[in-house]
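Proteins come first, then strands; the chains are lettered A, B, ... in the order of their sequence lines, and each starts at number 1.
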Amino acid sequence: MIEIESKYNPAIVEDKWYSAWLENKCFSSKPDNRKAFTIVIPPPNVTGVLHMGHMLNNTIQDVLVRRARMKGFNACWVPGTDHASIATEAKVVAKLKAEGIDKKDLSREEFLSHAWQWKEKHGGIILEQLKKLGASCDWDRTRFTMEDALYESVIDVFVDLYEKGLIYRGVRMVNWDPVALTALSDEEVIFKEQNSKLYYLKYKIENSDEYIIVATTRPETILGDTAVCVHPEDERYSHLKGKKVIIPIVGRSIPVIFDEYVDREFGTGALKITPAHDINDYNLGIKHKLDSIDIFNDNGSLNENGKQYAGLDRFECRKQIAKDLQAADLMHKIEDYNNKIGCSERTGAVIEPKLSLQWFLKMQDLAKPALEVVMSDEIKFHPSKFKNTYRYWMENVKDWCISRQLWWGQRIPAYHLPNREFVVAKSAEEALKKAQELFPTENYTLNDLKQDEDVLDTWFSSWLWPMSVFDGIRNPNNEEINYYYPTNDLITAPEIIFFWVARMIIAGLEYKKEVPFKNVYFTGIVRDKLGRKMSKSLGNSPDPIELIEKYGADGVRMGMLLASPAGNDLPFDESYCEQGRNFSNKIWNALRLIKSWKVEDIEQPASSALAIEWFKEKMNKTLCDLEDDFSKYRLSESLMSVYKFVWDDLCSWYLEIIKPAYQAPIDRKTYEATLDIFEDVMKILHPFMPFVSEEVYHIIKERKENDFIMQAQLPAIKEVNSTLLSEFDFIEEFITAIRSVRNEKNIAQKVALQVYFTRSEEGNIIEKYSDIVCKLCNLETLTSCEEKIEKAIAKMVRTLEFFVPLTDNVNKEEEIKKIKADIEYYEGFKNSVMKKLSNENFVSKAPEQVVAMERKKLSDAEQKIETLNEQLKAFL
RNA sequence: GGGAGUAUAGCUCAGUUGGUUUAGAGCAUCUGCCUUACAAGCAGAGGGUCAUAGGUUCGAAUCCUAUUACUCCCACCA
C-alpha cells in the first residue's frame with residue numbers, strides 16, 4: 001500500500017510525462033514494414049499565438065494519432081508553421097515602425113533579415129504551446145513553409161506550371177490593399193456592413209439645360225468616369241441615345257451608354273461608369289470599349305489624374321468633392337445608405353479595386369479531377385454537407401491571383417530582360433541560359449536579368465504541404481513520400497475549404513497523381529457564450545495556456561471534445577473543462593482506492609468473479625462502440641462512451657461490487673484482475689487524456705519509467721456476449737429501484753433490509769446476482785416469498801414485484817395516491833397499444849414481429865395493472 | 001439575389017433504411033447524504049405537444065409540402 005495525494009495534480013504529471021515521451025522518442029516515426037498513419041498539421045501562422053480554434057483542432061488530431069499508434073499503425077504527425085506572408089510582413093513592418101524604422105528606407109535584403117530575425121525569435125511560440133496540450137507530433141520533422149527545401153519546391157512547381165502554360169501574367173482588376181500595398185485574393189477580402197451615404201450627382205447633358213441624376217456611394221470616383229449607363233428599355237432616358245453628358249466639377253464630356261446590366265429600380269436608374277475602380281464598371285468598360293482612367297496611387301491617395309484633388313486621401317477627397325459639388329449646386333441630394341464594403345482580412349483597410357499586372361494560375365482544368373475525387377468519396381468529407389459547398393466552388397472556380405506585392409515569401413522566379421520580355425526559371429543562371437537561347441544576338445549577362453519583385457501568395461506554398469513536408473516535390477520518389485503519402489486524415493476549419501483543402505487536392509493530383517488525404521474532418525467554429533466567434537480582436541477568447549494551468553491539459557482536451565460534434569459550432573464554456581478536470585480526479589481517486597487495499601490469499605467471493613466477467617464484457621462492448629464511433633468521426637460521442645464507461649461502469653458498479661469492507665483484505669485473484677482491468681481502461685482512455693492515463697498506468701502496477709502506455713496496444717475486441725450484459729442491465733434497474741424506495745422512505749443507510757421478490761420470470765437472474773444486490777443495497781438478505789408481509793412497500797421492476805419492509809407504518813394515503821397515478825399511466829399506455837391492435841389494418845399490414853411486440857406490451861401492461869390493483873386493494 | 005444547413009429537456013447534443021414500452025445522454029436543477037477512494041463526491045428524483053400547419057402511411061421526431069426563426073457559404077447593389 002502506498003500513499004497517494006487525494007487530489008490529482010496535473011501540472012507536475014504533465015511536464016514529467018511530456019519530457020519522458022520526448023526523451024524516449026515516443027513520437028518519432030520512420031518508415032518500416034508496418035502500415036503508416038499520417039496526419040500533417042494545418043500549419044499555424046508563425047505570427048500565431050495558440051487560440052481556442054487551435055486547441056480544438058490539435059486535440060482532435062492528437063486523439064486520432066494516439067489511437068492509430070495504439071492500434072498498431074506507424075503513426076506520424078508532422079508539425080510545422082506557415083510563413084503567412086501578409087500577416088507576418090505586417091507584423092514586422094509594425095515592429096520596425098515602433099523602432100522608428102520605415103520599411104521604405106530598407107532594402108529588400110535588409111527587410112528580410114529583420115523578418116527572419118523576428119521569425120527565429122517568435123516563430124516557435126505556437127509549437128511550444130502545442131506541447132502543453134500533449135500534442136504527439138514528431139518534432140524532429142518540424143517544417144516551415146519558407147525553409148530552403150520547401151521554398152525550392154514552390155519554385156519548382158511555379159516553373160513547372162508556367163511551362164505547362166497554366167501560369168500567365170495579365171492586367172486584371174484585383175483587390176488592392178492600400179495599407180499593405182498588395183493585391184489580395186478574393187478569399188482574403190471580407191465584407192463588412194457600413195453606414196454610408198448615397199450621393200445623387202447632377203450630370204449636365206451636353207447642349208441642353210437638362211441634367212441626368214446619377215446615384216453613387218463614391219463621388220470621388222467621378223474623376224475617373226468615362227460614361228454614364230442606363231437601361232436600354234428605360235423610357236425616362238430613351239431620348240439620350242447618342243448624347244453626351246458633362247461630369248460635374250471635372251467638366252469632361254462622356255457618352256451615355258445603354259446596357260441591361262443596370263438596375264432600373266436602384267437610385268435614379270442611371271449609373272456612372274469608372275472602369276478603373278470597380279469590377280462591374282471594368283467589365284462594362286471592356287464591353288463598350290470605354291477608356292479607363294486610374295485616379296489613385298497605390299496607397300489610396302489621388303494621383304495626378306485627380307487634378308486639384310491630387311495628393312488627397314480617397315476618403316478626404318470624398319468629403320471635399322461632396323462639399324464642392326454642393327457649393328456648385330451639382331449635388332441633388334444625399335441619402336443615408338447601408339451597404340457592405342470589402343475590407344482586407346489582414347489590415348482591415350477598405351479594398352480598392354485596382355487594375356494591375358499580376359500573375360495568375362488557370363484553375364478550370366486543374367479543378368475538374370479535384371472535384372471528382374470528392375464527389376466520388378475517394379476523399380470523404382466529415383460532415384458530408386461540405387461536399388455541396390466544395391462542388392459549387394469547384395464548378396465556378398476562377399483563376400487564382402498568385403502574386404503579392406510583398407517581400408516576405410517565395411519570390412516569383414521570373415526574370416525580366418532589358419527587351420521587356422521575361423523568362424521563368426528555377427535560378428538566375430538557368431534564366432540566363434534560357435534568355436541566351438531565346439535571344440542569341442543580345443549577349444545578355446546576369447546583370448541584365450531583373451527578378452520579378454513580387455512574391456507568391458502564401459497558399460501557393462501551403463497547397464503543397466502534404467507533399468513538401470516529405471520532400472515529395474523535389475524528390476518525387478523518395479522513400480518517405482512513398483511511405484507516408486497519401487496521408488490519412490486532415491483536420492481543419494470549413495472556412496479554409498477553398499483557400500487550402502481544395503488546392504491541396506489539386507496539387508496532390510497534379511504532382512503525385514494521388515489524393516493528399518482520405519478523410520477531411522471539418523471542425524466547428526469556437527464561439528463565446530454570446531455566439532460570437534472567438535477572436536483576438538474581440539478579446540473574447542480565454543488564454544488556452546491559462547486554461548491548461550487551471551484544469552490540466554487532459555481536462556481542457558476533454559472540454560474541447562465533449563461539446564464539439566463534427567461540423568457544429570462549439571459554444572465554449574469553461575464548465576466543459578471543469579467536467580474534464582473532475583473526470584481526471586475521479587480516475588485518480590479510483591486509483592487511490594485500489595492501491596489502498598490489503599491483498600491476502602483468501603477465497604474469491606462469487607460476486608467478484610461475476611463482476612469481473614461482466615465488466616470484461618462491458619469493456620468489449622465499449623471497444624466495439626468506439627470502433628463504430630471513430631469510423632464515423634464521432635469523437636464527441638466516443639469520449640462520452642469512455643466517460644460513462646469509466647465513471648459508471650467502472651467506478652459506480654464494478655469497484656463498488658468488488659470493494660472489500662473497511663479494512664478488510666481483498667483476495668489476490670480479484671485484485672490482480674482489477675489491476676489488469678484498470679490498465680486496459682487507461683489504454684482506452686489514453687488517446688483522449690494522455691497524461692492522467694500515463695500516470696495511472698505507471699502507478700497501478702509500478703511499471704518501469706520507460707514502459708509507456710502511449711506505446712501500448714488497445715485491448716483486442718472479441719465477440720459480444722449480450723446475454724450477460726442484458727442480465728446486468730436488469731440487475732442495475734433492480735438495484736436502483738430498491739435504492740429509490742430507501743431514498744423515498746428515508747430509510748437510514750445502516751439498517752439492514754429484507755427484500756422479497758415474487759411472480760418473477762427474472763427470479764433466476766436475481767438469484768444469480770443476489771450477493772451483488774445485497775451488497776450494493778446494503779441488504780441483510782434477499783429471499784423469495786409468495787405472500788407479502790405487513791409494514792412493507794410493494795414496487796415493480798419490469799414485471800417483477802418486490803417488497804421492502806419498513807420499520808414504521810406506511811403512509812397509506814401517500815401510497816394510494818402513487819399507485820393510482822401508476823395505474824393511470826399504464827391504463828393510458830394500454831389503451832394506446834389496444835388502439836393499435838384493434839386496428840385491422842395494423843394487424844394485417846404491419847410485420848409480424850411488430851405486432852407480436854405490441855401484444856407483449858399489452859400483456860405486460862395488463863399484468864402490471866393487475867399487480868397495482870392488488871397493491872391498491874391491500875391499502876383499502 | 002443564389003445555394004446549403006439547423007429547429008428534440010434550462011444548456012449542448014444523440015436518435016442509423018419510419019415500428020423495443022408514451023423520445024435518450026452529458027451538464028445544469030431539486031431532494032437526501034461530509035456512507036473511510038473521490039463534496040471536483042455518493043444515492044435518488046423532476047424536467048420535452050420532438051418549431052408551426054397540412055399531407056403520405058396500419059404506424060411519423062424520422063418521409064413530403066408550406067410557413068416561421070436562426071446559422072453558414074457564395075455573389076454583390078452602383
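Spacing of P atoms, B/rU52 relative to B/rC11, comes out at 15 Å, to the nearest Å. Between the C1' atoms of B/rG48 and B/rA23, the separation comes to 8 Å (whole Å).
Residue A/Arg264 places no side-chain N or O under 4.0 Å from the OP1 or OP2 atom of B/rC77. At B/rC77, one or more side-chain N or O atoms of A/Asn280 fall inside 4.0 Å of OP1 or OP2 (strictly under the cut-off).
Remark: side-chain polar atoms of A/Ser636 are paired, donor with acceptor, to backbone N or O of A/Leu561 under 3.5 angstrom. At distances below 3.5 Å, at least one donor-acceptor pair connects side-chain atoms of A/Asn589 with backbone N or O atoms of A/Asn585.
For A/Tyr551, there are no ring-ring contact (aromatic ring centres under 6.0 Å, His included) partners, not counting sequence neighbours. Residues satisfying the ring-ring contact (aromatic ring centres under 6.0 Å, His included) criterion with A/Tyr654, sequence neighbours excluded, are A/Phe615. Judged as a ring-ring contact (aromatic ring centres under 6.0 Å, His included), and not counting sequence neighbours, the contacts of A/Tyr8 are A/Trp588. With sequence neighbours excluded, the residues satisfying side-chain contact (heavy atoms from CB on, under 4.5 Å) with A/Arg855 are A/Leu837, A/Val843, A/Val851. Not a single side chain to side chain donor-acceptor pair (under 3.5 Å) links A/Lys380 to another residue, sequence neighbours left out. With sequence neighbours excluded, the residues satisfying ring-ring contact (aromatic ring centres under 6.0 Å, His included) with A/Trp400 are A/Phe460, A/Trp463. Residues passing the side chain to side chain donor-acceptor pair (under 3.5 Å) test with A/Asn396, sequence neighbours excluded: none.
Taking atom CD1 on A/Ile594 and atom P on B/rC38, their separation rounds to 14 Å, with Å as the unit. One interatomic measurement links the two molecules: CG of A/Asn585 to C1' of B/rG41, which rounds to 9 Å at whole-angstrom precision. Residue A/Leu639 contributes atom CG, which lies 12 Å from atom P of B/rC27 at whole-angstrom precision. Here B/rA40 presents its C1' atom at 12 Å from CD1 of A/Ile587, a figure rounded to the nearest Å. The CG atom of A/Asp259 sits 15 Å away from the P atom of B/rC77 (whole-angstrom rounding). Remark: P of B/rU71 and CZ of A/Phe386 are 16 Å apart, rounded to the nearest angstrom. The distance between atom CG of A/Leu635 and atom C1' of B/rA14, rounded to the nearest whole Å, is 15 Å. Rounded to whole Å, atom P of B/rG59 lies 14 Å from atom CG of A/Leu837.
Residues A/Ser652 and A/Trp588 both approach RNA chain B. Their nearest nucleotides, taken by heavy-atom distance, put A/Trp588 toward the 5′ side. Along RNA chain B, the nucleotide nearest to A/Thr268 and the one nearest to A/Lys659 differ in position, and the one closer to the 5' end is contacted by A/Lys659.
Every pair passing salt bridge (Lys or Arg N to Asp or Glu O under 4.0 Å) that includes a residue from residues 830-847 of chain A is listed here, sequence neighbours excluded: A/Lys836-A/Glu854.
Considering only the side chain of A/Lys7, B/rA40 comes nearest among B/rC73, B/rA40, B/rU20. The listed nucleotides are B/rC42, B/rC58, B/rG19; the one nearest the side chain of A/Trp647 is B/rC42. Among B/rA14, B/rC42, B/rC72, the nucleotide with an atom closest to any side-chain atom of A/Arg527 is B/rC72. For A/Asn582, counting side-chain heavy atoms from C-beta on, the closest listed nucleotide (B/rG41, B/rC13, B/rU16) is B/rG41. Relative to the side chain of A/Lys845, the nucleotides B/rC72, B/rC58, B/rC38 differ in distance, and B/rC58 lies closest.
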Notebook entry, point to check: In dot-bracket form, how is RNA chain B paired, counting a Watson-Crick or G-U wobble pair only if both its distances are under 3.5 Å and using | for bases paired to another strand?
Noted result: (((((((..((((.....[....)))).(((((.......))))).....(((((..]....))))))))))))....

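A/Asn339 comes within 4.0 angstrom of sugar-phosphate atoms only, judged by non-hydrogen atoms across all strands, and of no base. A/Cys229 comes within 4.0 angstrom of no nucleic acid atom, judged by non-hydrogen atoms across all strands. In this structure, A/Asp860 reaches neither bases nor backbone, as no heavy-atom distance under 4.0 Å exists between it and the strands shown.
Figure legend: A/Lys795 and A/Phe802 shown without cation-pi pairing, the cationic atom not lying both under 6.0 angstrom from the six-membered ring centre and within 45 degrees of its axis.
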Heteroatom pairs (N/O) under 3.5 angstrom, protein to nucleotides 22-25 of chain B:
unit_1: B/rU22; atom_1: O2'; unit_2: A/Tyr825; atom_2: OH; d: 3.1
unit_1: B/rU22; atom_1: O4; unit_2: A/Gly828; atom_2: O; d: 2.7
unit_1: B/rU22; atom_1: O4; unit_2: A/Phe829; atom_2: N; d: 2.2
unit_1: B/rA25; atom_1: O2'; unit_2: A/Lys644; atom_2: NZ; d: 2.9

So which protein nitrogen or oxygen atoms get under 3.5 Å of nucleotides 44-51 of chain B's nitrogens or oxygens?
unit_1: B/rG44; atom_1: OP1; unit_2: A/Thr736; atom_2: OG1; d: 3.4
unit_1: B/rG44; atom_1: O4'; unit_2: A/Asn743; atom_2: ND2; d: 3.3

Might you list the N or O atoms of the protein lying below 3.5 Å from N or O atoms in nucleotides 3-5 of chain B, with each pair's distance?
none

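For a distance-only test at 3.5 Å, the side chain of A/Gln579 fails to qualify as a donor-acceptor partner of the base of B/rA28. Counting atom types as modelled, A/Lys340 pairs no side-chain N or O with a base atom of B/rC76 as donor and acceptor under 3.5 Å.
A salt bridge does not link A/Asp234 to A/Arg264: none of the charged side-chain nitrogens sits closer than 4.0 Å to a carboxylate oxygen. Ionic pairing of A/Asp336 and A/Lys197 is present here: one or more N-O contacts between side-chain nitrogen and carboxylate oxygen are shorter than 4.0 angstrom.
A/Asp225 and A/Thr274 share a side-chain donor-acceptor pair at under 3.5 Å.
Counting non-hydrogen atoms of other residues, nucleotides and ligands closer than 6.0 Å to NZ of A/Lys621 gives a total of 12 or fewer.
Annotation: the span from A/Leu547 atom CG to A/Tyr576 atom OH amounts to 14.0 Å, rounded to 0.5 Å.
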